2 protein chains.
Amino acid sequence: MRRDSRLSRMLHVLIHMDRHYKRATSETISKMLGTNAVVVRRTMAGLRDFGYVRSEQGHGGGWELARGLDQITLLDIYEAIGKPPLFAIGPSVDQPECLVEQAVDAKLGDALKEAEALLLERFRTVTIADIAADFDRRMPEGQCNVHGNIHAEQSASG
Amino acid sequence: MRRDSRLSRMLHVLIHMDRHYKRATSETISKMLGTNAVVVRRTMAGLRDFGYVRSEQGHGGGWELARGLDQITLLDIYEAIGKPPLFAIGPSVDQPECLVEQAVDAKLGDALKEAEALLLERFRTVTIADIAADFDRRMPEGQCNVHGNIHAEQSASG
DNA sequence: CAATCTGTAACAAGATAGGTTACGTGTCTT
DNA sequence: AAGACACGTAACCTATCTTGTTACAGATTG
């Protein structure tokens, strides 16, 4: 595995769901993300627990937004997927005995904490609606260039 | 594997080498780091290539600093170990076709780039001597509380 | 020549996100 | 009530990357 892409994927799919007029199944979503329906259910379970989406079982079931995209920030989603580690670097051991190592980790930790604070602050102040607006500026018709066919497929079956 | 600890480890060992009056073997260093001599040679090869340390083969050989700690920044070492990825999160694919996904990754990428710039700026302005000074403030005698025995061992054999 | 060290290849271990299969459970349609 | 549909979840495998380990070749000292 390379990098944790759950945040990116969830933002992506939430915008598509907002454009969707009806519930989307895990199978439909998995095709948009190029992955598996189980992976979708697994990742979106966190978003459901936090109240950002709803899921319905049974015939005609699937996923739908539980609030507007302007009411969900990137930080909300980051937390909903379980606050995975942001950094790929870090200390060798958690509580080193060696005081030199402690000094090294303290200095590195300061820099990492600063960067993390900045990143989370950006996450906190950006809503998913902001990202959707970026997309709308590039595609005024609001039609997805890739997943339009999936929307149409849903339309035909509904 | 959890997180890449090479940067932390190299800073740690360079400060100990600065306190060392003679060359340290990979075996000695590996005991300080709680790891293996091969891992030490592997990681320190980058520092040697960049001219921060020298290595001598054969009997009596080992590793020594090639310049003062005030002449080496954290950024130098980060680059010397091969600029490993800083973040554990990122996009799902490198060049998504979907414009919604592109908008998501662009917004996330902006935030990550900002955080990375801040982190690397900290790395650039902090020398290893700065960290050593932090240690000296806590241990005015300059004696390591853990690895002092290794220094003594070297002393006995030299 | 023997002992000591580095240099490096080769492979296993450990961790984590992601992919896949299988099956249970709830819900709507007929 | 039966069957199709869709989520919920466990279990297991895969891919990737740092780290750990073994093995051996080459260099240097005495």
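Not measured: the values here are computed from a predicted model. Convention: sequence-line order gives letters A, B, ...; per-chain numbering from 1.
Nearest to the side chain of B:Arg6, among D:dT18, C:dA17, C:dT20, sits D:dT18.
With B:Thr127 contributing its side chain and B:Asp130 its backbone, the two residues share a donor-acceptor pair below 3.5 Å. At least one donor-acceptor pair under 3.5 Å links the side chain of A:Thr73 to the backbone N or O of A:Asp76. Judged by distance alone, the side chain of A:Thr125 and the main-chain N or O of A:Arg122 form a donor-acceptor pair under 3.5 Å.
Of the side-chain N and O atoms in B:Arg3, none sit less than 4.0 angstrom from OP1 or OP2 of D:dT18. Distances shown here put a side-chain N or O of B:Ser26 below 4.0 Å from the OP1 or OP2 atom of C:dT6. Regarding contacts with the backbone of D:dT18, every side-chain N or O of B:Ser5 stays at 4.0 angstrom or more from both OP1 and OP2. Of the side-chain N and O atoms in B:Ser55, none sit less than 4.0 angstrom from OP1 or OP2 of C:dC5. Contact check, B:Thr35 against D:dT19: no side-chain N or O comes under 4.0 Å of OP1 or OP2.
Protein atom CG of B:Asp49 is 13 Å distant from nucleotide atom C1' of C:dT6, rounded to whole Å. Residue B:His59 contributes atom NE2, which lies 11 Å from atom P of C:dA3 at whole-angstrom precision. Nucleotide C:dA9 holds its C1' atom 13 Å from the CZ atom of B:Arg41, rounded to whole Å. Counting to the nearest Å, the P atom of C:dT16 and the CG atom of B:Asp4 are 15 Å from each other. For the pair A:Glu27 CD and C:dT20 C1', the computed distance is 12 Å after rounding to whole Å. Between the CG atom of A:Leu33 and the P atom of C:dA17 there is a distance of 17 Å, rounded to whole Å. Atom P of nucleotide C:dG7 and atom CD of B:Gln57 are separated by 5 Å, given to the nearest angstrom. The distance between atom CG of B:Leu7 and atom C1' of D:dC17, rounded to the nearest whole Å, is 17 Å.
The ring of A:His16 has its center no closer than 6.0 angstrom to the ring center of A:His20.
Counting non-hydrogen atoms under 4.0 angstrom, A:Arg48 reaches the backbone sugars and phosphates but no base. Nucleic acid contact class of B:Arg42 (heavy atoms, under 4.0 Å, all strands): base.
Judged by closest nucleotide on DNA chain D, A:Ala37 is the one of B:Gly58 and A:Ala37 placed further toward the 5' end. Sequence order on DNA chain C of the closest nucleotides to A:Gly60 and A:Gly34 puts A:Gly34 first from the 5' end. Residue A:Trp63 is the one, among B:Pro85 and A:Trp63, whose nearest nucleotide of DNA chain D lies closer to the 5' end (criterion: closest heavy atom).
The base of C:dG18 lies outside donor-acceptor range of the side chain of A:Arg9, with no N or O pair under 3.5 Å.
One hydrophobic cluster, built from ILVMFWY side chains closer than 4.5 Å, holds both B:Leu65 and B:Ile29.
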